[in-house]
Protein chains: 2
Amino acid sequence: MDSKIFNLKSKLEVYKAMTGGGNFADCPVRDVIQGISGKWSSLLVMALAEKPYRFGELRRLVPDISQRMLTQTLYDLQRDGYVHREVFPTKPPSVEYSLTDLGRSMFAPLQMLIQWAELNHDAVREARATFDASSRA
Amino acid sequence: MDSKIFNLKSKLEVYKAMTGGGNFADCPVRDVIQGISGKWSSLLVMALAEKPYRFGELRRLVPDISQRMLTQTLYDLQRDGYVHREVFPTKPPSVEYSLTDLGRSMFAPLQMLIQWAELNHDAVREARATFDASSRA
DNA sequence: CAGCATCCAACAAGATACTG
DNA sequence: CAGTATCTTGTTGGATGCTG
């Protein structure tokens, strides 16, 4: 993995990257972030980061996803190059999904965010409770 | 900042954290991620990571956000404890928004993802083009 | 200046039924 | 098994007009 991913830039530079330097319509960072900020995308990437899974296995692994959303999210992830789809011509057919190199490299920074969330969800919940309490006052 | 944020856990453990270990309805990680995965949340956090801004300044800084969404997103960020809102009783009133300590600590992993996106958006665009080309065939 | 209230369009997502 | 197709619903976000 390219270590340059974690070289810090100035905050302003990062912000400019996000806004596309004023070109808001076609901003590369927004474009990429959009693709992984769906309700199920990050979850499926994390599942596949463990090991490859078949369609039905993913369904059982994430019981609250609908078939439609599983199909569509996997399709989008495949289109963006994060996921590889391999069909085995058995009868009935089986399809295996796995992360590509690009998908694995994306998993690294994503994992940082997940871990932050895990460590700080108590603080967030407490902030919400405090905020709501003083709102009612 | 707590360095434990970046201690790697096993991929399976991270996945379990995301799914709430089977308790999908009240999963801490999903809960936190939801709050920052909105269309404007990360963008505003990045803007405020540079320095505090007033309402009107943020509007000019992000010209394609509507007033409604700016108000609402700032409200949500404040409720979750990422943003501090300070009213100066001038006439007319001015309101300054700034990141809290929690907001700043969240900005760090977020920045990693932004930088990954910036470095890899070409690969994603290429993957899309290749995929769409073979889809038409 | 910094909002709030209202209405409306667009899209994301769920439910259900059917197929190679 | 691994999808597709269709319909319906819920949420997000934008436009506009008004206020302390």
Side-chain angles (χ1 to χ4, degrees), chain A residues 18-19 24-25 27 30-31 33-45 47-48 52-80 83-98 131 134-136, chain B residues 19 24-25 27 30-31 33-45 47-48 52-80 83-98 131 134-135:
Chain A
M18 183 75 176
T19 57
F24 293 94
C27 168
R30 283 196 200 183
D31 184 40
I33 297 293
Q34 278 292 97
I36 58 176
S37 67
K39 184 171 180 182
W40 304 107
S41 308
S42 57
L43 185 53
L44 290 178
V45 167
L48 294 175
Y53 280 110
R54 291 182 26 205
F55 189 87
E57 292 176 317
L58 285 171
R59 265 195 99 171
R60 284 186 290 278
L61 206 56
V62 188
D64 57 345
I65 193 173
S66 68
Q67 195 179 41
R68 175 173 150 37
M69 279 299 105
L70 181 54
T71 301
Q72 184 175 304
T73 306
L74 285 171
Y75 182 91
D76 292 342
L77 290 174
Q78 187 194 357
R79 179 171 181 269
D80 282 5
V83 162
H84 173 70
R85 177 178 184 270
E86 185 149 17
V87 182
F88 297 97
T90 55
K91 240 177 87 146
S94 74
V95 180
E96 188 182 85
Y97 293 92
S98 56
F131 185 86
S134 33
S135 287
R136 270 194 303 278
Chain B
T19 56
F24 295 94
C27 168
R30 284 195 200 183
D31 185 40
I33 297 293
Q34 278 291 98
I36 58 176
S37 65
K39 184 171 179 181
W40 304 107
S41 308
S42 57
L43 185 53
L44 290 178
V45 166
L48 294 175
Y53 280 109
R54 291 182 25 203
F55 189 88
E57 293 177 316
L58 285 172
R59 266 195 97 171
R60 284 186 291 279
L61 205 57
V62 188
D64 57 345
I65 193 174
S66 68
Q67 194 180 44
R68 182 190 185 305
M69 279 300 105
L70 182 53
T71 302
Q72 184 175 304
T73 307
L74 286 171
Y75 181 90
D76 292 342
L77 289 174
Q78 186 195 358
R79 183 171 113 93
D80 282 5
V83 162
H84 173 69
R85 177 177 185 270
E86 184 148 19
V87 182
F88 297 97
T90 55
K91 240 176 86 142
S94 74
V95 180
E96 189 181 84
Y97 293 91
S98 56
F131 184 86
S134 34
S135 286

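Labels below follow one simple rule: chain letters A, B, ... track the order of the sequence lines, proteins then strands, and each chain is numbered from 1.
Side-chain contact between B/R59 and B/L70: present, with at least one pair of heavy atoms (C-beta onward) separated by less than 4.5 Å. The side-chain heavy atoms of B/L44 and B/L77, taken from C-beta on, include a pair separated by under 4.5 Å. The side-chain heavy atoms of B/Q78 and B/L74, taken from C-beta on, include no pair separated by under 4.5 Å. In this structure, A/D64 and A/W40 have side chains that are in contact, with non-hydrogen atoms separated by less than 4.5 Å. In this structure, A/L58 and A/L48 have side chains that are in contact, with non-hydrogen atoms separated by less than 4.5 Å. In this structure, the side chains of A/R30 and B/L43 come closer than 4.5 Å at one or more pairs of heavy atoms.
Between the side chain of A/S135 and the main chain of A/F131, a donor-acceptor pair closer than 3.5 Å is present. Between the A/T71 side chain and the A/Q67 main chain, a donor and an acceptor come within less than 3.5 Å of each other.
Remark: B/S66, B/Q67, B/R68, B/M69 in residues 65-73 of chain B come within less than 4.0 Å of DNA chain D through at least one heavy atom. For the contact set between residues 86-98 of chain A and DNA chain D, defined by any heavy atom under 4.0 Å, the members are A/P92, A/P93, A/S94, A/V95, A/Y97.
Ring-plane geometry between A/Y97 and A/F55 is classed as tilted, the angle between the planes lying from 30 to 60 degrees on a 0 to 90 degree scale.
Remark: A/Q34 CD is loosely packed, at most 12 non-hydrogen atoms of other residues, nucleotides or ligands lying under 6.0 Å away.
A 4.0 Å heavy-atom criterion places the boundary nucleotides of DNA chain C facing chain A at C/dA13 to C/dG20, written 5' to 3'.
Residue-level contact check: A/R59 touches neither bases nor backbone, having no heavy atom under 4.0 Å from any strand.
Between A/K39 atom NZ and D/dG10 atom C1' there is a gap of 10 Å when expressed in whole angstrom units. Separating the CG atom of B/D64 from the C1' atom of D/dT12 is a distance of 15 Å, rounded to the nearest angstrom.
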